[in-house]
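As C-alpha coordinates, the structure follows; a few thoughts come after it.
Letters A, B, ... mirror the listed sequences (proteins, then strands); counts begin at 1.
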Amino acid sequence: MNEFVSEEAGKLVVRLEGEVDLDRSPAVRKLLFDCVTRQMDVVVDLSEVQYIDSSGIASLVEGLQAANGNGTKFSLVAVSGQVRRVMELARLDKVFKIFDDVDAALAPMAPVV
Amino acid sequence: MNEFVSEEAGKLVVRLEGEVDLDRSPAVRKLLFDCVTRQMDVVVDLSEVQYIDSSGIASLVEGLQAANGNGTKFSLVAVSGQVRRVMELARLDKVFKIFDDVDAALAPMAPVV
Amino acid sequence: MLLQLSFPAIPDRLRLVRPMVRASAQLCGFTVEDSLDVVLAIDEACANIIEHAYHWRGDAEIVLTIFKIEGGIQFQLRDFAPPVSSRSVQPRNLDDIMPGGLGTHFIRSIMDDTRFMRAPDGEGNILELTKRAMVPS
Amino acid sequence: MLLQLSFPAIPDRLRLVRPMVRASAQLCGFTVEDSLDVVLAIDEACANIIEHAYHWRGDAEIVLTIFKIEGGIQFQLRDFAPPVSSRSVQPRNLDDIMPGGLGTHFIRSIMDDTRFMRAPDGEGNILELTKRAMVPS
Ligand SMILES: Nc1ncnc2c1ncn2[C@@H]1O[C@H](COP(=O)(O)OP(=O)(O)O)[C@@H](O)[C@H]1O
Ligand SMILES: Nc1ncnc2c1ncn2[C@@H]1O[C@H](COP(=O)(O)OP(=O)(O)O)[C@@H](O)[C@H]1O
(Lines give C-alpha, C1' and ligand atoms only; values in the text may rest on other atoms or scores of the structure.)
(Ligands and ions follow the chains in the order given, each with its own letter.)
Protein backbone atom coordinates (compact mmCIF):
# COMPACT_ATOMS: atom_id res chain seq x y z
CA MET A 1 0.00 0.00 0.00
CA ASN A 2 1.18 3.48 -0.76
CA GLU A 3 0.09 6.81 0.63
CA PHE A 4 0.56 10.25 -0.91
CA VAL A 5 0.00 13.57 0.79
CA SER A 6 -0.25 16.83 -1.14
CA GLU A 7 -1.34 20.34 -0.24
CA GLU A 8 -4.14 21.59 -2.49
CA ALA A 9 -6.24 24.75 -2.09
CA GLY A 10 -5.11 25.05 1.52
CA LYS A 11 -6.13 21.53 2.45
CA LEU A 12 -4.15 18.32 2.86
CA VAL A 13 -5.17 15.65 0.39
CA VAL A 14 -4.24 12.16 1.54
CA ARG A 15 -4.44 9.55 -1.19
CA LEU A 16 -4.56 5.96 0.04
CA GLU A 17 -4.04 2.97 -2.24
CA GLY A 18 -4.44 -0.78 -2.08
CA GLU A 19 -5.66 -2.68 0.95
CA VAL A 20 -6.11 -0.99 4.33
CA ASP A 21 -6.11 -3.94 6.70
CA LEU A 22 -4.71 -4.97 10.09
CA ASP A 23 -1.23 -4.87 8.58
CA ARG A 24 -1.44 -1.43 7.01
CA SER A 25 -3.88 0.49 9.19
CA PRO A 26 -1.32 1.45 11.88
CA ALA A 27 0.62 3.37 9.23
CA VAL A 28 -2.58 4.98 7.98
CA ARG A 29 -3.61 5.93 11.51
CA LYS A 30 -0.26 7.61 12.11
CA LEU A 31 -0.35 9.41 8.77
CA LEU A 32 -3.84 10.78 9.40
CA PHE A 33 -2.88 11.95 12.90
CA ASP A 34 0.19 13.70 11.52
CA CYS A 35 -1.95 15.47 8.93
CA VAL A 36 -4.64 16.58 11.36
CA THR A 37 -1.94 17.85 13.73
CA ARG A 38 -0.86 20.31 11.05
CA GLN A 39 -4.09 22.20 11.78
CA MET A 40 -5.32 21.97 8.21
CA ASP A 41 -8.47 20.44 6.80
CA VAL A 42 -7.85 16.88 5.61
CA VAL A 43 -9.38 15.21 2.54
CA VAL A 44 -8.86 11.44 2.33
CA ASP A 45 -9.08 10.11 -1.23
CA LEU A 46 -10.18 6.47 -1.10
CA SER A 47 -10.72 5.97 -4.84
CA GLU A 48 -7.74 3.61 -5.12
CA VAL A 49 -8.52 1.60 -2.01
CA GLN A 50 -9.64 -1.90 -3.00
CA TYR A 51 -10.21 -3.25 0.47
CA ILE A 52 -10.74 -1.91 3.96
CA ASP A 53 -11.47 -3.77 7.18
CA SER A 54 -12.57 -2.67 10.66
CA SER A 55 -9.06 -1.62 11.62
CA GLY A 56 -8.90 0.64 8.56
CA ILE A 57 -12.29 2.07 9.41
CA ALA A 58 -11.07 2.65 12.97
CA SER A 59 -8.14 4.69 11.61
CA LEU A 60 -10.56 6.90 9.72
CA VAL A 61 -12.77 7.33 12.79
CA GLU A 62 -9.72 8.31 14.85
CA GLY A 63 -8.73 10.83 12.20
CA LEU A 64 -12.21 12.33 12.27
CA GLN A 65 -12.21 12.53 16.06
CA ALA A 66 -8.79 14.17 16.11
CA ALA A 67 -10.03 16.73 13.57
CA ASN A 68 -13.16 17.37 15.64
CA GLY A 69 -10.84 17.79 18.61
CA ASN A 70 -8.77 20.54 17.04
CA GLY A 71 -11.46 22.25 15.01
CA THR A 72 -10.42 21.22 11.50
CA LYS A 73 -12.48 19.45 8.84
CA PHE A 74 -12.01 15.83 7.85
CA SER A 75 -13.70 14.45 4.76
CA LEU A 76 -13.61 11.39 2.55
CA VAL A 77 -13.64 11.19 -1.24
CA ALA A 78 -14.75 8.52 -3.71
CA VAL A 79 -16.03 5.95 -1.30
CA SER A 80 -17.28 3.16 -3.53
CA GLY A 81 -17.51 -0.58 -3.82
CA GLN A 82 -16.17 -2.60 -0.95
CA VAL A 83 -15.27 0.52 1.09
CA ARG A 84 -18.81 1.89 0.88
CA ARG A 85 -20.23 -1.49 1.82
CA VAL A 86 -18.05 -1.64 4.95
CA MET A 87 -19.00 1.93 5.91
CA GLU A 88 -22.66 0.98 5.62
CA LEU A 89 -22.19 -2.17 7.69
CA ALA A 90 -20.53 0.03 10.33
CA ARG A 91 -23.32 2.61 9.95
CA LEU A 92 -20.68 5.26 9.46
CA ASP A 93 -21.72 6.34 5.98
CA LYS A 94 -23.71 9.16 7.56
CA VAL A 95 -21.04 10.09 10.09
CA PHE A 96 -18.37 11.09 7.58
CA LYS A 97 -18.57 13.92 5.08
CA ILE A 98 -18.23 12.07 1.80
CA PHE A 99 -17.58 13.76 -1.56
CA ASP A 100 -17.65 12.22 -5.01
CA ASP A 101 -14.26 13.55 -6.04
CA VAL A 102 -11.34 15.60 -4.76
CA ASP A 103 -12.47 18.75 -6.61
CA ALA A 104 -15.82 18.73 -4.81
CA ALA A 105 -14.06 18.29 -1.48
CA LEU A 106 -11.70 21.19 -2.24
CA ALA A 107 -14.36 23.60 -3.54
CA PRO A 108 -14.59 26.65 -1.21
CA MET A 109 -18.38 26.37 -1.17
CA ALA A 110 -18.30 22.70 -0.23
CA PRO A 111 -21.45 22.37 1.85
CA VAL A 112 -20.99 21.31 5.44
CA VAL A 113 -23.30 18.30 5.61
CA MET B 1 -16.11 -20.30 -17.14
CA ASN B 2 -18.62 -19.78 -19.92
CA GLU B 3 -18.40 -20.47 -23.62
CA PHE B 4 -20.52 -18.97 -26.37
CA VAL B 5 -20.69 -20.10 -29.98
CA SER B 6 -22.25 -18.01 -32.73
CA GLU B 7 -22.28 -18.20 -36.51
CA GLU B 8 -20.98 -15.02 -38.11
CA ALA B 9 -20.11 -14.42 -41.78
CA GLY B 10 -20.08 -18.15 -42.40
CA LYS B 11 -17.63 -18.90 -39.59
CA LEU B 12 -18.11 -20.21 -36.09
CA VAL B 13 -17.02 -17.72 -33.46
CA VAL B 14 -16.24 -19.38 -30.12
CA ARG B 15 -15.96 -16.96 -27.24
CA LEU B 16 -14.20 -18.29 -24.16
CA GLU B 17 -14.31 -16.58 -20.79
CA GLY B 18 -12.56 -16.83 -17.44
CA GLU B 19 -9.86 -19.36 -16.62
CA VAL B 20 -9.01 -22.22 -18.98
CA ASP B 21 -7.22 -24.62 -16.68
CA LEU B 22 -7.01 -28.34 -15.92
CA ASP B 23 -10.58 -28.20 -14.65
CA ARG B 24 -12.11 -26.42 -17.62
CA SER B 25 -9.97 -27.43 -20.57
CA PRO B 26 -11.72 -30.79 -21.20
CA ALA B 27 -14.95 -28.88 -21.88
CA VAL B 28 -13.10 -26.45 -24.14
CA ARG B 29 -11.42 -29.29 -26.03
CA LYS B 30 -14.78 -30.96 -26.65
CA LEU B 31 -16.40 -27.71 -27.73
CA LEU B 32 -13.61 -26.93 -30.21
CA PHE B 33 -13.78 -30.45 -31.66
CA ASP B 34 -17.54 -30.15 -32.08
CA CYS B 35 -17.10 -26.85 -33.89
CA VAL B 36 -14.36 -28.06 -36.22
CA THR B 37 -16.45 -31.15 -37.01
CA ARG B 38 -19.14 -28.88 -38.47
CA GLN B 39 -16.72 -28.26 -41.37
CA MET B 40 -16.70 -24.51 -40.85
CA ASP B 41 -13.81 -22.16 -40.15
CA VAL B 42 -13.47 -21.54 -36.42
CA VAL B 43 -12.49 -18.25 -34.75
CA VAL B 44 -11.67 -18.50 -31.03
CA ASP B 45 -12.12 -15.19 -29.19
CA LEU B 46 -9.81 -15.16 -26.16
CA SER B 47 -10.33 -11.54 -25.16
CA GLU B 48 -12.20 -12.51 -21.98
CA VAL B 49 -9.81 -15.27 -20.93
CA GLN B 50 -7.88 -14.17 -17.84
CA TYR B 51 -5.81 -17.30 -17.43
CA ILE B 52 -4.72 -20.26 -19.49
CA ASP B 53 -2.40 -23.13 -18.60
CA SER B 54 -0.73 -25.90 -20.63
CA SER B 55 -3.91 -27.98 -20.69
CA GLY B 56 -5.81 -25.02 -22.17
CA ILE B 57 -3.06 -24.49 -24.73
CA ALA B 58 -3.24 -28.21 -25.56
CA SER B 59 -6.98 -27.85 -26.29
CA LEU B 60 -6.23 -25.06 -28.74
CA VAL B 61 -3.48 -27.11 -30.42
CA GLU B 62 -5.86 -30.04 -30.76
CA GLY B 63 -8.47 -27.75 -32.30
CA LEU B 64 -5.92 -26.46 -34.79
CA GLN B 65 -4.80 -29.98 -35.69
CA ALA B 66 -8.38 -31.14 -36.17
CA ALA B 67 -8.99 -28.16 -38.47
CA ASN B 68 -5.82 -28.91 -40.42
CA GLY B 69 -7.07 -32.47 -40.68
CA ASN B 70 -10.38 -31.56 -42.26
CA GLY B 71 -9.23 -28.59 -44.32
CA THR B 72 -10.90 -25.77 -42.37
CA LYS B 73 -9.30 -22.69 -40.86
CA PHE B 74 -8.73 -22.18 -37.15
CA SER B 75 -7.71 -18.80 -35.81
CA LEU B 76 -7.39 -16.98 -32.49
CA VAL B 77 -8.50 -13.46 -31.61
CA ALA B 78 -7.36 -10.95 -29.01
CA VAL B 79 -4.54 -12.91 -27.45
CA SER B 80 -3.14 -10.59 -24.81
CA GLY B 81 -1.67 -10.48 -21.35
CA GLN B 82 -1.23 -13.79 -19.61
CA VAL B 83 -2.50 -15.78 -22.62
CA ARG B 84 0.06 -14.22 -24.97
CA ARG B 85 2.80 -14.84 -22.44
CA VAL B 86 1.92 -18.53 -22.21
CA MET B 87 1.78 -18.83 -26.03
CA GLU B 88 5.24 -17.31 -26.21
CA LEU B 89 6.61 -19.64 -23.53
CA ALA B 90 5.18 -22.53 -25.57
CA ARG B 91 6.60 -20.99 -28.78
CA LEU B 92 3.17 -21.30 -30.33
CA ASP B 93 2.60 -17.60 -30.97
CA LYS B 94 3.85 -18.16 -34.53
CA VAL B 95 1.96 -21.40 -35.04
CA PHE B 96 -1.53 -19.97 -34.67
CA LYS B 97 -3.14 -17.37 -36.90
CA ILE B 98 -3.82 -14.57 -34.44
CA PHE B 99 -6.05 -11.56 -35.18
CA ASP B 100 -6.53 -8.42 -33.11
CA ASP B 101 -10.32 -8.59 -33.10
CA VAL B 102 -13.20 -10.69 -34.35
CA ASP B 103 -13.91 -8.36 -37.29
CA ALA B 104 -10.42 -8.82 -38.64
CA ALA B 105 -10.74 -12.58 -38.33
CA LEU B 106 -14.09 -12.54 -40.16
CA ALA B 107 -13.00 -10.19 -42.97
CA PRO B 108 -13.16 -12.03 -46.31
CA MET B 109 -9.69 -10.78 -47.24
CA ALA B 110 -8.19 -11.89 -43.96
CA PRO B 111 -4.62 -12.68 -44.98
CA VAL B 112 -3.46 -16.24 -44.49
CA VAL B 113 -0.36 -15.72 -42.37
CA MET C 1 -13.38 -30.07 2.35
CA LEU C 2 -12.30 -27.45 -0.14
CA LEU C 3 -8.92 -26.88 1.46
CA GLN C 4 -7.03 -26.19 4.63
CA LEU C 5 -4.63 -23.39 5.24
CA SER C 6 -2.27 -22.85 8.13
CA PHE C 7 -0.28 -19.72 8.67
CA PRO C 8 1.55 -17.79 11.38
CA ALA C 9 -0.59 -15.21 13.23
CA ILE C 10 1.05 -12.24 11.49
CA PRO C 11 -0.97 -9.40 9.95
CA ASP C 12 0.70 -9.47 6.52
CA ARG C 13 -0.52 -13.03 5.94
CA LEU C 14 -4.12 -11.83 5.75
CA ARG C 15 -3.35 -10.39 2.33
CA LEU C 16 -2.66 -13.96 1.15
CA VAL C 17 -5.70 -15.47 2.82
CA ARG C 18 -8.27 -13.04 1.41
CA PRO C 19 -7.99 -13.88 -2.30
CA MET C 20 -8.31 -17.58 -1.52
CA VAL C 21 -11.40 -17.02 0.63
CA ARG C 22 -12.90 -14.96 -2.16
CA ALA C 23 -12.26 -17.65 -4.77
CA SER C 24 -13.69 -20.27 -2.39
CA ALA C 25 -16.90 -18.30 -1.89
CA GLN C 26 -17.29 -17.88 -5.63
CA LEU C 27 -16.68 -21.61 -6.13
CA CYS C 28 -19.52 -22.22 -3.65
CA GLY C 29 -21.89 -20.14 -5.77
CA PHE C 30 -21.82 -16.77 -4.04
CA THR C 31 -22.02 -13.56 -6.07
CA VAL C 32 -19.01 -11.27 -6.23
CA GLU C 33 -20.62 -8.92 -3.66
CA ASP C 34 -21.44 -11.69 -1.24
CA SER C 35 -17.99 -13.16 -1.71
CA LEU C 36 -16.43 -9.83 -0.74
CA ASP C 37 -18.61 -9.83 2.39
CA VAL C 38 -17.43 -13.33 3.24
CA VAL C 39 -13.83 -12.18 2.79
CA LEU C 40 -14.42 -9.36 5.27
CA ALA C 41 -15.94 -11.70 7.85
CA ILE C 42 -13.08 -14.21 7.69
CA ASP C 43 -10.48 -11.45 7.67
CA GLU C 44 -12.00 -9.94 10.82
CA ALA C 45 -12.12 -13.29 12.55
CA CYS C 46 -8.43 -13.89 11.75
CA ALA C 47 -7.56 -10.36 12.91
CA ASN C 48 -9.34 -11.02 16.21
CA ILE C 49 -7.28 -14.15 16.77
CA ILE C 50 -4.06 -12.24 16.08
CA GLU C 51 -5.07 -9.39 18.41
CA HIS C 52 -7.14 -10.93 21.16
CA ALA C 53 -6.36 -14.64 21.29
CA TYR C 54 -2.61 -14.47 20.62
CA HIS C 55 -1.94 -10.83 21.66
CA TRP C 56 0.29 -10.33 18.61
CA ARG C 57 2.48 -13.35 19.38
CA GLY C 58 3.54 -13.92 15.76
CA ASP C 59 4.97 -17.39 16.35
CA ALA C 60 1.47 -18.75 16.97
CA GLU C 61 -0.51 -20.59 14.31
CA ILE C 62 -3.94 -20.17 12.74
CA VAL C 63 -5.60 -23.00 10.83
CA LEU C 64 -8.43 -22.18 8.45
CA THR C 65 -10.45 -25.03 6.97
CA ILE C 66 -12.98 -24.30 4.25
CA PHE C 67 -15.93 -26.55 3.44
CA LYS C 68 -18.40 -26.40 0.60
CA ILE C 69 -21.77 -27.24 2.13
CA GLU C 70 -25.22 -27.68 0.62
CA GLY C 71 -26.11 -24.21 -0.67
CA GLY C 72 -23.28 -22.40 1.05
CA ILE C 73 -19.87 -22.32 2.64
CA GLN C 74 -18.49 -23.10 6.08
CA PHE C 75 -15.24 -22.03 7.70
CA GLN C 76 -13.53 -23.44 10.76
CA LEU C 77 -10.95 -21.13 12.19
CA ARG C 78 -8.74 -22.73 14.80
CA ASP C 79 -6.32 -21.17 17.24
CA PHE C 80 -4.15 -22.74 19.96
CA ALA C 81 -4.78 -20.04 22.55
CA PRO C 82 -6.34 -20.38 26.02
CA PRO C 83 -10.11 -20.91 26.10
CA VAL C 84 -12.21 -17.93 24.99
CA SER C 85 -15.64 -17.47 26.47
CA SER C 86 -18.05 -16.55 23.72
CA ARG C 87 -19.67 -14.10 26.14
CA SER C 88 -16.50 -12.00 26.12
CA VAL C 89 -16.69 -11.67 22.34
CA GLN C 90 -19.24 -8.97 21.81
CA PRO C 91 -19.72 -6.16 19.29
CA ARG C 92 -19.99 -2.67 20.70
CA ASN C 93 -23.12 -0.54 20.48
CA LEU C 94 -22.97 0.97 17.00
CA ASP C 95 -24.58 4.19 18.21
CA ASP C 96 -21.35 5.10 19.94
CA ILE C 97 -19.10 6.53 17.27
CA MET C 98 -15.73 5.20 18.30
CA PRO C 99 -12.94 3.29 16.71
CA GLY C 100 -12.90 -0.45 17.40
CA GLY C 101 -15.49 -3.02 18.28
CA LEU C 102 -16.69 -3.42 14.70
CA GLY C 103 -15.14 -6.76 13.77
CA THR C 104 -17.59 -9.03 15.55
CA HIS C 105 -20.46 -6.87 14.31
CA PHE C 106 -19.30 -7.40 10.70
CA ILE C 107 -18.91 -11.13 11.24
CA ARG C 108 -22.43 -11.50 12.68
CA SER C 109 -24.00 -9.26 10.04
CA ILE C 110 -22.46 -11.22 7.20
CA MET C 111 -22.49 -14.84 8.33
CA ASP C 112 -25.64 -16.84 9.07
CA ASP C 113 -24.13 -18.86 11.92
CA THR C 114 -21.30 -18.13 14.32
CA ARG C 115 -20.32 -20.83 16.75
CA PHE C 116 -17.47 -20.94 19.28
CA MET C 117 -16.22 -24.38 20.27
CA ARG C 118 -13.35 -25.86 22.27
CA ALA C 119 -11.04 -27.85 20.04
CA PRO C 120 -11.94 -31.52 20.61
CA ASP C 121 -8.29 -32.62 20.44
CA GLY C 122 -6.73 -30.51 23.17
CA GLU C 123 -5.95 -26.85 23.49
CA GLY C 124 -7.37 -24.15 21.33
CA ASN C 125 -10.63 -22.67 20.12
CA ILE C 126 -12.61 -23.28 16.96
CA LEU C 127 -14.79 -20.58 15.49
CA GLU C 128 -17.24 -22.05 13.00
CA LEU C 129 -18.71 -19.57 10.54
CA THR C 130 -21.40 -20.56 8.05
CA LYS C 131 -23.09 -18.68 5.25
CA ARG C 132 -25.78 -19.88 2.90
CA ALA C 133 -26.33 -18.34 -0.51
CA MET C 134 -29.48 -16.27 -0.89
CA VAL C 135 -31.89 -18.37 -2.93
CA PRO C 136 -33.37 -16.12 -5.64
CA SER C 137 -37.13 -16.05 -5.02
CA MET D 1 7.18 -19.81 6.19
CA LEU D 2 4.52 -17.71 4.56
CA LEU D 3 1.85 -20.35 4.78
CA GLN D 4 0.94 -23.94 4.12
CA LEU D 5 -1.98 -25.19 2.15
CA SER D 6 -3.36 -28.67 1.85
CA PHE D 7 -6.06 -29.68 -0.56
CA PRO D 8 -7.52 -32.70 -2.30
CA ALA D 9 -5.99 -33.46 -5.71
CA ILE D 10 -9.04 -32.23 -7.63
CA PRO D 11 -8.75 -29.87 -10.61
CA ASP D 12 -11.28 -27.29 -9.37
CA ARG D 13 -9.11 -26.56 -6.34
CA LEU D 14 -6.42 -25.00 -8.52
CA ARG D 15 -8.69 -22.00 -8.98
CA LEU D 16 -8.38 -21.41 -5.22
CA VAL D 17 -4.64 -21.98 -5.08
CA ARG D 18 -3.70 -19.57 -7.88
CA PRO D 19 -4.81 -16.28 -6.29
CA MET D 20 -2.95 -17.16 -3.11
CA VAL D 21 0.23 -18.00 -5.01
CA ARG D 22 -0.06 -14.73 -6.86
CA ALA D 23 -0.47 -12.72 -3.65
CA SER D 24 2.47 -14.59 -2.11
CA ALA D 25 4.74 -13.76 -5.05
CA GLN D 26 3.75 -10.11 -4.84
CA LEU D 27 4.40 -10.14 -1.09
CA CYS D 28 7.90 -11.45 -1.87
CA GLY D 29 8.55 -8.49 -4.14
CA PHE D 30 7.85 -9.88 -7.60
CA THR D 31 6.23 -7.70 -10.25
CA VAL D 32 2.71 -8.46 -11.42
CA GLU D 33 4.08 -10.11 -14.60
CA ASP D 34 6.57 -12.28 -12.74
CA SER D 35 3.90 -13.18 -10.19
CA LEU D 36 1.64 -14.41 -12.99
CA ASP D 37 4.54 -16.53 -14.28
CA VAL D 38 5.01 -18.00 -10.82
CA VAL D 39 1.29 -18.79 -10.67
CA LEU D 40 1.59 -20.69 -13.96
CA ALA D 41 4.59 -22.71 -12.74
CA ILE D 42 2.92 -23.76 -9.49
CA ASP D 43 -0.37 -24.49 -11.24
CA GLU D 44 1.41 -26.76 -13.73
CA ALA D 45 3.26 -28.55 -10.97
CA CYS D 46 -0.03 -29.19 -9.11
CA ALA D 47 -1.69 -30.32 -12.34
CA ASN D 48 1.15 -32.80 -12.92
CA ILE D 49 0.64 -34.28 -9.47
CA ILE D 50 -3.10 -34.67 -10.12
CA GLU D 51 -2.50 -36.27 -13.51
CA HIS D 52 0.73 -38.19 -13.27
CA ALA D 53 1.41 -38.86 -9.58
CA TYR D 54 -2.15 -39.57 -8.46
CA HIS D 55 -3.72 -40.51 -11.83
CA TRP D 56 -6.84 -38.46 -11.02
CA ARG D 57 -7.43 -40.17 -7.65
CA GLY D 58 -9.29 -37.21 -6.12
CA ASP D 59 -9.11 -38.53 -2.55
CA ALA D 60 -5.36 -37.94 -2.49
CA GLU D 61 -3.78 -34.90 -0.89
CA ILE D 62 -1.42 -32.17 -2.05
CA VAL D 63 0.47 -30.00 0.43
CA LEU D 64 1.91 -26.72 -0.77
CA THR D 65 4.26 -24.82 1.54
CA ILE D 66 5.37 -21.33 0.58
CA PHE D 67 8.51 -19.67 1.91
CA LYS D 68 9.74 -16.12 1.55
CA ILE D 69 13.49 -16.39 0.99
CA GLU D 70 16.20 -13.77 0.62
CA GLY D 71 15.33 -12.01 -2.64
CA GLY D 72 12.73 -14.50 -3.77
CA ILE D 73 10.20 -17.21 -3.10
CA GLN D 74 10.35 -20.94 -2.59
CA PHE D 75 7.62 -23.54 -2.89
CA GLN D 76 7.58 -27.11 -1.63
CA LEU D 77 4.93 -29.21 -3.24
CA ARG D 78 4.38 -32.55 -1.58
CA ASP D 79 2.45 -35.57 -2.71
CA PHE D 80 1.95 -38.98 -1.10
CA ALA D 81 2.35 -40.98 -4.30
CA PRO D 82 4.91 -43.68 -5.15
CA PRO D 83 8.43 -42.42 -5.84
CA VAL D 84 8.88 -40.44 -9.05
CA SER D 85 12.19 -40.54 -10.84
CA SER D 86 13.13 -37.05 -11.92
CA ARG D 87 14.42 -38.54 -15.18
CA SER D 88 10.87 -39.51 -16.13
CA VAL D 89 9.75 -35.90 -15.77
CA GLN D 90 10.85 -34.30 -19.00
CA PRO D 91 9.50 -31.60 -21.26
CA ARG D 92 8.91 -32.56 -24.87
CA ASN D 93 10.83 -31.11 -27.79
CA LEU D 94 9.09 -27.80 -28.48
CA ASP D 95 9.71 -28.14 -32.21
CA ASP D 96 7.07 -30.84 -32.37
CA ILE D 97 3.76 -29.06 -32.50
CA MET D 98 1.61 -31.32 -30.41
CA PRO D 99 -0.65 -30.96 -27.45
CA GLY D 100 0.84 -31.89 -24.10
CA GLY D 101 4.34 -31.93 -22.69
CA LEU D 102 4.41 -28.21 -21.99
CA GLY D 103 3.95 -28.15 -18.22
CA THR D 104 7.48 -29.08 -17.22
CA HIS D 105 8.84 -26.73 -19.88
CA PHE D 106 6.88 -23.85 -18.35
CA ILE D 107 8.05 -24.75 -14.85
CA ARG D 108 11.73 -24.84 -15.88
CA SER D 109 11.49 -21.67 -17.95
CA ILE D 110 9.94 -19.71 -15.10
CA MET D 111 11.61 -21.01 -11.94
CA ASP D 112 15.33 -20.71 -11.22
CA ASP D 113 15.61 -24.05 -9.41
CA THR D 114 13.62 -27.24 -9.67
CA ARG D 115 14.49 -30.07 -7.31
CA PHE D 116 12.81 -33.44 -6.81
CA MET D 117 13.24 -35.07 -3.40
CA ARG D 118 11.87 -38.06 -1.52
CA ALA D 119 9.87 -36.95 1.49
CA PRO D 120 12.14 -37.41 4.51
CA ASP D 121 9.27 -38.63 6.71
CA GLY D 122 7.99 -41.58 4.73
CA GLU D 123 6.09 -41.90 1.50
CA GLY D 124 5.72 -39.20 -1.07
CA ASN D 125 7.67 -36.80 -3.22
CA ILE D 126 8.66 -33.21 -2.67
CA LEU D 127 9.14 -30.86 -5.59
CA GLU D 128 11.03 -27.76 -4.50
CA LEU D 129 10.68 -24.76 -6.80
CA THR D 130 12.62 -21.56 -6.23
CA LYS D 131 12.55 -18.21 -7.99
CA ARG D 132 14.61 -15.13 -7.25
CA ALA D 133 13.49 -11.66 -8.21
CA MET D 134 15.40 -10.03 -11.04
CA VAL D 135 17.66 -7.44 -9.45
CA PRO D 136 17.32 -4.21 -11.45
CA SER D 137 20.82 -3.41 -12.70
N1 LIG E 1 -10.71 -14.63 18.98
C2 LIG E 1 -10.93 -13.92 20.11
N3 LIG E 1 -10.37 -14.30 21.28
C4 LIG E 1 -10.57 -13.61 22.40
N5 LIG E 1 -11.33 -12.49 22.49
C6 LIG E 1 -11.91 -12.04 21.37
C7 LIG E 1 -11.75 -12.72 20.12
N8 LIG E 1 -12.44 -12.05 19.18
C9 LIG E 1 -13.01 -11.00 19.80
N10 LIG E 1 -12.71 -10.97 21.12
C11 LIG E 1 -13.20 -9.97 22.12
O12 LIG E 1 -14.35 -9.32 21.57
C13 LIG E 1 -14.15 -7.89 21.51
C14 LIG E 1 -14.83 -7.30 20.29
O15 LIG E 1 -14.14 -7.68 19.11
P16 LIG E 1 -14.30 -6.81 17.78
O17 LIG E 1 -15.75 -6.53 17.58
O18 LIG E 1 -13.63 -7.53 16.69
O19 LIG E 1 -13.60 -5.42 18.06
P20 LIG E 1 -12.08 -5.03 18.36
O21 LIG E 1 -11.25 -6.16 17.86
O22 LIG E 1 -11.89 -3.76 17.60
O23 LIG E 1 -12.03 -4.84 19.85
C24 LIG E 1 -12.65 -7.71 21.52
O25 LIG E 1 -12.28 -6.46 22.01
C26 LIG E 1 -12.18 -8.89 22.39
O27 LIG E 1 -12.30 -8.54 23.75
N1 LIG F 1 4.50 -35.13 -10.52
C2 LIG F 1 4.79 -36.06 -11.46
N3 LIG F 1 4.80 -37.37 -11.15
C4 LIG F 1 5.10 -38.29 -12.07
N5 LIG F 1 5.38 -38.01 -13.36
C6 LIG F 1 5.39 -36.73 -13.75
C7 LIG F 1 5.08 -35.68 -12.83
N8 LIG F 1 5.16 -34.52 -13.50
C9 LIG F 1 5.47 -34.81 -14.78
N10 LIG F 1 5.62 -36.15 -14.95
C11 LIG F 1 6.01 -36.83 -16.21
O12 LIG F 1 6.61 -35.86 -17.10
C13 LIG F 1 5.91 -35.77 -18.33
C14 LIG F 1 5.92 -34.36 -18.89
O15 LIG F 1 5.07 -33.53 -18.09
P16 LIG F 1 4.48 -32.18 -18.68
O17 LIG F 1 5.58 -31.44 -19.37
O18 LIG F 1 3.80 -31.44 -17.59
O19 LIG F 1 3.46 -32.58 -19.83
P20 LIG F 1 2.07 -33.38 -19.77
O21 LIG F 1 1.57 -33.29 -18.37
O22 LIG F 1 1.21 -32.66 -20.74
O23 LIG F 1 2.41 -34.78 -20.19
C24 LIG F 1 4.53 -36.31 -18.04
O25 LIG F 1 3.89 -36.82 -19.18
C26 LIG F 1 4.82 -37.38 -16.98
O27 LIG F 1 5.23 -38.58 -17.58
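- Residue contact with chain B, scored on non-hydrogen atoms closer than 4.5 Å, involves the side chain of D/Ile50 exclusively.
- Chain B forms more heavy-atom pairs under 4.5 Å with one residue of D/Pro11, D/Gly103, D/Gly101 than with any other, namely D/Pro11.
- Contacts between B/Leu89 and chain D at a heavy-atom distance below 4.5 Å involve backbone atoms as well as side-chain atoms.
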Taking only distance into account, so ignoring hydrogens and angles, what donor-acceptor contacts under 3.5 Å exist between chain B and chain D?
| residue | atom | partner | partner atom | Å |
| --- | --- | --- | --- | --- |
| B/Glu19 | OE1 | D/Arg18 | NH2 | 3.4 |
| B/Glu19 | OE2 | D/Arg18 | NH2 | 3.3 |
| B/Asp21 | OD2 | D/Arg18 | NH1 | 2.9 |
| B/Asp21 | OD2 | D/Arg18 | NH2 | 3.0 |
| B/Asp23 | OD2 | D/Arg15 | NH2 | 2.8 |
| B/Tyr51 | OH | D/Asp43 | OD2 | 2.8 |
| B/Ser54 | N | D/Glu44 | OE2 | 2.6 |
| B/Ser54 | OG | D/Glu44 | OE1 | 2.6 |
| B/Ser54 | OG | D/Glu44 | OE2 | 3.2 |
| B/Gln65 | NE2 | D/Ile97 | O | 3.0 |
| B/Arg85 | NE | D/Asp37 | OD1 | 2.9 |
| B/Arg85 | NE | D/Asp37 | OD2 | 3.1 |
| B/Arg85 | NH2 | D/Asp37 | OD2 | 2.5 |
| B/Leu89 | O | D/His105 | NE2 | 2.8 |

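- Interface summary for chain B: among D/Leu36, D/Leu40, D/Ile110, the most heavy-atom pairs under 4.5 angstrom belong to D/Leu40.
- Using a 4.5 Å cut-off between heavy atoms, B/Leu92 touches chain D through its side chain atoms alone.
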Taking distance alone, no hydrogens or angles, what donor-acceptor pairs closer than 3.5 Å link side-chain atoms of residues 100-107 of chain B to residues at least two apart or in another chain?
| residue | atom | partner | partner atom | Å |
| --- | --- | --- | --- | --- |
| B/Asp101 | OD1 | B/Asp103 | N | 3.3 |
| B/Asp101 | OD1 | B/Ala104 | N | 2.9 |

